[in-house]
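Beneath this line is the structure, given in structure tokens, with notes to follow.
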Amino acid sequence: TVADCPQGTITAEFKVGDGPWTQGNNINAPEGSEVFIRAVAAGEYFITTHQVDGPTFSSTTTPEYQIDTGVNLLPGLAPYDNPDRNNGLVDQSNNGQFVLTTAGGCATVVTL
């Protein structure tokens with residue numbers, strides 16, 4: 001279990017494709033879309049995927065992470081016999097929860 005963050009500590013933002021950044025913890029994206037996620041937080045934070053052995057992204061040390069573009073969560077996921085799974089586009093196997101955690105150890109959950 002991870003402690004919920006006090007309000008204003010970390011705020012999830014996402015965008016679907018070239019759409020605008022939207023604050024929220026529930027992402028509804030059509031199949032075949034790109035999904036980007038980032039947080040508004042003071043200092044370093046981490047984005048952890050819901051996949052077994054999936055990647056964890058750092059806002060300060062992950063090379064593909066950029067604050068203006070966030071990170072496309074889907075290319076780094078393990079394919080598990082589905083070659084299209086890690087192509088960066090949403091499919092049914094990508095549904096799940098992603099955890100945004102501050103360096104201080106509190107978190108917010110985003111559901112795709």
Side-chain angles (χ1 to χ4, degrees):
T1 60
V2 178
D4 287 336
C5 293
Q7 189 169 357
T9 304
I10 188 168
T11 303
E13 292 186 334
F14 66 89
K15 72 176 183 171
V16 178
D18 292 332
W21 284 103
T22 304
Q23 286 187 2
N25 293 72
N26 293 301
I27 304 170
N28 293 312
E31 204 164 319
S33 300
E34 285 185 298
V35 175
F36 299 87
I37 192 170
R38 67 180 183 189
V40 177
E44 183 178 22
Y45 64 89
F46 305 91
I47 301 172
T48 304
T49 66
H50 65 284
Q51 301 297 325
V52 174
D53 298 325
T56 294
F57 301 95
S58 164
S59 64
T60 61
T61 60
T62 300
E64 62 270 18
Y65 180 88
Q66 300 293 319
I67 192 63
D68 55 338
T69 59
V71 65
N72 182 333
L73 293 177
L74 306 175
L77 301 179
Y80 296 111
D81 298 327
N82 180 351
D84 292 330
R85 182 158 190 224
N86 61 354
N87 66 3
L89 305 176
V90 172
D91 68 29
Q92 290 180 352
S93 67
N94 300 131
N95 292 337
Q97 295 182 327
F98 299 84
V99 180
L100 284 66
T101 310
T102 67
C106 66
T108 188
V109 176
V110 176
T111 303
L112 172 64

Return the CD to CD1 distance between Glu13 and Ile27, rounded to the nearest 0.5 Å.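 Result: 11.5 Å between the selected atoms.
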
Quick check for you: to the nearest 0.5 Å, what is the distance between Ile10 atom CD1 and Thr101 atom OG1?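 One gets 7.0 Å once the value is rounded to the nearest 0.5 Å.
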
Show the nearest heavy-atom pair for residues [X] and [Y], with the distance to one decimal.
X	Y	result
Glu44	Ser59	CA-OG, 3.4 Å
Phe98	Leu112	CE1-CB, 3.8 Å
Val16	Asn28	CG2-O, 4.4 Å
Ala107	Cys5	N-SG, 3.1 Å
Phe14	Gly24	CD2-O, 3.9 Å

Does some side-chain heavy atom of Leu100 sit less than 4.5 Å from a side-chain heavy atom of Ile37?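 With C-beta onward as the side chain, the pair touches.
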
Any non-hydrogen side-chain atom of Tyr45 less than 4.5 Å from a side-chain atom of Arg38?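 They are in contact (side-chain heavy atoms under 4.5 Å apart), so the answer is yes.
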
